[in-house]
Amino acid sequence: MGYFLKFNRQKKQKKKPMSKLYKSIFNVNGCTVVKQEQTDTTVTITVRLTKGNASRCGCCGRKGKLYDNGREQRVWRTLDLGTKMGFIKMDTYRVKCRKCGVKTVKVPWASHRSGFTDAFEQQVAWAVCSMSKKAVAKQLRIAWNTVGEIVDRVWERLDTRPIKAGCIFRRIGIDETSYKKGHKYITVVVDHDRRCVIWVHEGYGKEVLDIFMRELSEEQRKGVELVTCDGAKWIRSSIEEFLPNAERCVDSFHVVQWATDALDKVRVEAWREARKENRNPKRGRGRPTKDSVPKDRTAEGIKNSRYALGKAPENLSESQQRKIELIASRYPRLYRAYQLKEELRIILKMGYADARENLDRWLWRASHSRIGSVKDLYAKIKRNYDGILNTIRLGVSNARIEATNNKIKLLIRTAYGFRNMNNMLSLIMLSCAYVDVKIAYEWESESRESSSKAA
Ligand SMILES: [Zn+2]
């Protein structure tokens with residue numbers, strides 16, 4: 001008898017330190033390590049849940065009753081150990097929860113339905129926000145479409161998300177971004193003060209924006225003092241319905257864009273006319289005779305003038321300047337539209353009083369221009385008159401929105417290969433929202449602190 005006791009004690013003492021060491025390396029709790037094995041590229045531990053953790057529901061974490069012992073072995077990928085990939089293996093079974101029904105048992109190291117530990121997912125999320133797509137896949141040795149799912153789960157877990165945390169957003173911007181060559185849209189809401197994205201959603205229109213408005217608390221809605229946007233009616237009506245204290249500002253960036261679009265229409269018309277005039281009867285074969293008329297190349301000049309017309313005059317190159325001069329001499333209507341666009345651009349940079357005076361004068365000139373698309377532009381600007389002047393009076397800069405839009409376009413390209421839209425939106429939020437994505441070791445020490453506080 002005495003011999004057996006002694007033997008058992010010795011055996012226990014031998015076994016425990018190893019289990020402890022592996023648990024500490026793999027950073028898992030609530031389980032016992034029963035086996036470990038390794039190959040050239042992997043280290044795997046097999047674990048069993050300890051009594052206190054053995055019957056928690058995978059969905060909500062409440063204690064339930066054991067339902068079956070299905071003995072399905074599952075494997076979770078965890079952080080690398082040296083150059084080897086780490087895996088945790090366990091026989092899972094199901095638990096009957098009073099709230100959720102029959103679910104797989106909860107494991108302390110991973111989220112429900114994930115094949116990766118929380119620490120690994122945290123590492124992936126941090127890497128996606130800080131490194132290139134190629135670097136992430138190479139360093140972490142995972143397929144790109146799994147990255148999408150991981151990013152989505154990390155974003156859902158995050159409790160410092162700006163809307164959830166109850167932040168007040170004083171000055172926000174609403175914009176839609178197109179991708180897939182303009183076939184798909186997402187609506188983006190940014191915070192001008194914190195310089196970050198607050199919210200993104202698939203699609204655009206009042207229904208989409210209303211979802212955002214409803215997510216805000218009453219206090220958050222009242223706190224919004226200023227909204228920058230383009231002139232869309234759906235944005236206006238949503239603001240009027242939900243944000244009682246907000247002043248609507250129309251981004252100068254959008255106003256210049258409208259003017260450029262109108263100018264482009266005039267240019268296309270002028271080009272068509274020039275081409276029509278230019279259609280000479282076909283000349284015969286062979287070298288042209290000395291007295292034949294040389295081909296008129298103005299039509300081509302207009303066709304390639306889009307870039308020159310869009311640029312600010314002080315930035316034009318010499319050949320572009322010549323193009324503008326040609327247009328001034330031969331196409332007065334197009335030149336007129338160009339001048340109006342330039343005037344508008346300068347007005348938007350003026351102080352409030354000057355801008356107001358000049359904008360009134362500009363409107364008068366545009367309404368008398370007798371150019372169809374300029375008249376449309378006039379109507380649009382007239383409609384958004386207050387919004388445009390608000391922007392100038394309150395001195396709102398749109399630099400942030402433009403920078404964010406570019407970043408989002410880049411992220412959308414990065415997200416190519418993700419299985420679904422939500423994963424892409426989560427990636428945008430993780431990278432552009434005002435949240436700090438913790439790398440695995442930071443995240444671990446933080447969760448250790450919070451659990452010791454709770455204890
Ligand atoms: Zn449950």
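One-based numbering, in listed order, for ligands and for the atoms of each.
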Response to the item:
In short, salt bridge (charged side-chain N to carboxylate O under 4.0 Å, His left out) pairs touching residues 127-146 with sequence neighbours left out are D80-R141
Worksheet item: Is there a donor-acceptor contact under 3.5 Å from the side chain of S55 to the main chain of L66?
Response: no
Discussion item. Is it the case that the ring center of W144 lies less than 6.0 angstrom away from the ring center of F418?
Written reply: yes
Item to complete: Taking T46 for its side chain and K89 for its backbone only, find out whether a donor-acceptor pair lies under 3.5 Å.
Response: no
Worksheet item: N/O/S atom of C59 under 2.8 Å from the Zn ion (ligand 1), yes or no?
Response: no
Worksheet item: Looking from the Zn ion (ligand 1), what is the angle between SG on C57 and SG on C60, to the nearest 10°?
Response: 110°
Worksheet item: What angle, in degrees and rounded to 10°, do you get at the Zn ion (ligand 1) when you join it to SG of C100 and to SG of C97?
Response: 110°
